[in-house]
There are 2 protein chains.
Amino acid sequence: MKKIINKPGDFVDEMIEGIVLAHPDQVKIPGDDRRILVRADAPVTGKVGIVTGGGSGHLPLFKGYVGKGLCSGVAIGNVFSSPSSQQCFEATKAVNGGAGVLYLYGNYGGDVFNFDLAADLAELDDIETRTVLGRDDVASQPKERKHERRGVAGIMFAYKAAGAAAERGDSLEQVAAVAEDVVEHTATMGIGLSPTVLPTTGEPSFSLAEGEMEVGIGIHGEPGIHRGPLETADAITDRIIDALVKDLELVPGDRVAVLVNGLGATPLEELYVMYRRAHQVLSEHGLSIEKKYVGEYATSLEMAGASISLLKLDDARLELLNAPASSPFFLEV
Amino acid sequence: MKKIINKPGDFVDEMIEGIVLAHPDQVKIPGDDRRILVRADAPVTGKVGIVTGGGSGHLPLFKGYVGKGLCSGVAIGNVFSSPSSQQCFEATKAVNGGAGVLYLYGNYGGDVFNFDLAADLAELDDIETRTVLGRDDVASQPKERKHERRGVAGIMFAYKAAGAAAERGDSLEQVAAVAEDVVEHTATMGIGLSPTVLPTTGEPSFSLAEGEMEVGIGIHGEPGIHRGPLETADAITDRIIDALVKDLELVPGDRVAVLVNGLGATPLEELYVMYRRAHQVLSEHGLSIEKKYVGEYATSLEMAGASISLLKLDDARLELLNAPASSPFFLEV
């Protein structure tokens, strides 16, 4: 696999430098550590801050969701590696506007360990924090162990809703409750067609034979629930939608938001072929599709594949999802 | 290469169906031919219409630029194939608001042939048309034969400027002059790292050895000006910027807009590594970067690679580039 990079060890820092040079009106590096990005206007006095973070290699996740109506800051790790607890803590201080800080990130061991340490440091500094974990990947654990699931593309819904709640002035308790409520009603499943390659090793993260697909793959190439022959776009979409509708226990008349997400190398054309089928099948289930996103929202470098996320909507969730938001990678007005 | 598709022959129609299902508030199919998309509010009475078109496989090009402040309609061909003259003509009628229609598309033989025929049909129908061709690919012809160059990602600047001119009520002559002026001051060069695969054949469009890159590649995999060992991101960016600065004869104090575009499979992270270097080098040239775009704006299905486009700015061009625009794939406020 060929990459447009310089020294592999400089990849993350140079990418961040590019983001800051391209979008100085929207994001900034608040201190000396160049692995922390915050909104250009951070801290926003009197408003709850939201810090996310995780490994690099998933753009626009995570750093792409730092902006108005979204997250306030991000701590950035190496490719597929957690940021340090100190970085999570520095990000916390940089976005603290006096109303507390929500940690909202995907459920991965290293991230949880470091954000929990940061929460302890924040407490010593009299900054109140709450934590909500994205855990939408239905393939990673059965429903009985839902709280152990990995977080994948569906966290975008939680960023959007929690960001809107913080923007309108909700308290830390309220913003955390909004995020938890959205996570609770979000489900995602993906398929992988080709591996991703770490810049540092140059080696594929896993192998898949020609003509094979991995159903339920994670955004770091974690194994899914089924490996088999590549199916048609419709068969793949049916599989995913079926799993999501069951998991969320959706019934006719329910309202949903849909996200068809590309994992990196899959053409946008193919995502629209999938969206078309998802729309048909959801409609056949009697579900009302009230919000739609198609594109790259959480990737795994150059992995070929896609995921679909559903968020079960109610009026409150839809209102927050419809609120304006802007970041270098996300604009809704 | 694996694709998430159904029958290869249905690929384009199913993709279009997905776009219309996902974005019914922004685009519509105006008649019986499902290969024509127009703005949801077309025709806009009294305003100049802008029709673009070309082969599929380049999303967001071309159909992603149909919207307010952009193109009014698009005629859509098969993958890498021109739409028919009848389709170009039907798109013309569907966007005609009585002020004439500009044809704005990339300089490829099949497209030129069919749009020219459509112009003849439009004339018989008393619809005035003008044609401006995107021809920004500096690698496709030397400067002496600039008018023969292929159109690639840089046409986005012309869509944006001409769309803004039409939106503010400029005449057909004026909108065409704006488009021509922007095309004249736009230059693009790309590099390819891996081939694209046509859904219908399943075969790679060309071959590149492991560790090789093609400098100056076209968005259908057309050969470039140099094939050699893959270089670092900085060396690649330097090569491209050097060619563009020379071609546009930029001198210290000049102002530019920059577009770093991914060809499909290249991670956004790598585009930002390139943007970082482009920013450094342009600044070293004494150029003022006044508008920046980083992402996928014109792709070649799952080709790995990237291009950089520069538009030399003056006040008039910058004002049009800063005007609001919205389509399913492009939002600026």
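All values reported here derive from a predicted model rather than from experimental measurement. Every chain is numbered from 1 and lettered A, B, ... according to where its sequence line falls, protein lines coming before strand lines.
Between chain B and the residues A/Gly295, A/Gly57, A/Ala306, the most heavy-atom pairs under 4.5 angstrom are made by A/Gly57. Here B/Ala233 is the residue among B/Pro199, B/Pro328, B/Ala233 with the most heavy-atom pairs under 4.5 Å with chain A. Most heavy-atom pairs under 4.5 Å with chain B, from the set A/Ile19, A/Leu208, A/Leu271, A/Leu230: that is A/Ile19.
For an aromatic pair to be called close, the ring centres must be under 6.0 Å apart, and B/His23 with A/Tyr275 fails this.
At a heavy-atom separation below 4.5 angstrom, chain B is approached by A/Gly264, A/Ala265, A/Thr266, A/Pro267, A/Leu268, A/Glu269, A/Glu270 within residues 255-270 of chain A.
When the shell of 6.0 Å around NZ of A/Lys28 is examined, it contains more than 12 heavy atoms from other residues, nucleotides or ligands.
Only the side chain of A/Ile236 comes within less than 4.5 Å of a heavy atom in chain B; its backbone stays farther off. With a 4.5 angstrom heavy-atom cutoff, A/Ala304 does not touch chain B via any of its atoms. Only the side chain of A/Ile191 comes within less than 4.5 Å of a heavy atom of chain B; its backbone N, CA, C and O stay farther away. Both the backbone and the side chain of A/Leu21 come within less than 4.5 Å of a heavy atom in chain B. For A/Pro24, the part lying near chain B is the side chain, with the backbone staying farther off; criterion is any non-hydrogen pair under 4.5 Å. Heavy-atom distances place the side chain of A/Phe329, and not its backbone, under 4.5 Å from chain B.
Looking at heavy atoms from C-beta onward, B/Tyr272 lies in side-chain contact with A/Leu59 at the 4.5 angstrom threshold. Two residues are said to be in side-chain contact when any heavy atoms from C-beta on lie closer than 4.5 Å; B/Ile4 and A/Val273 fail this criterion.
Between the B/Asn6 side chain and the A/Thr232 main chain, no donor and acceptor come within less than 3.5 Å of each other. Of the possible polar contacts, none joining the A/Lys2 side chain to the B/Ser194 backbone as a donor-acceptor pair under 3.5 Å is found.
Every pair passing salt bridge (charged side-chain N to carboxylate O under 4.0 Å, His left out) that includes a residue from residues 272-281 of chain A is listed here, sequence neighbours excluded: A/Asp234-A/Arg276, A/Asp234-A/Arg277, A/Asp238-A/Arg277, A/Arg276-B/Glu14, A/Arg276-B/Glu17.
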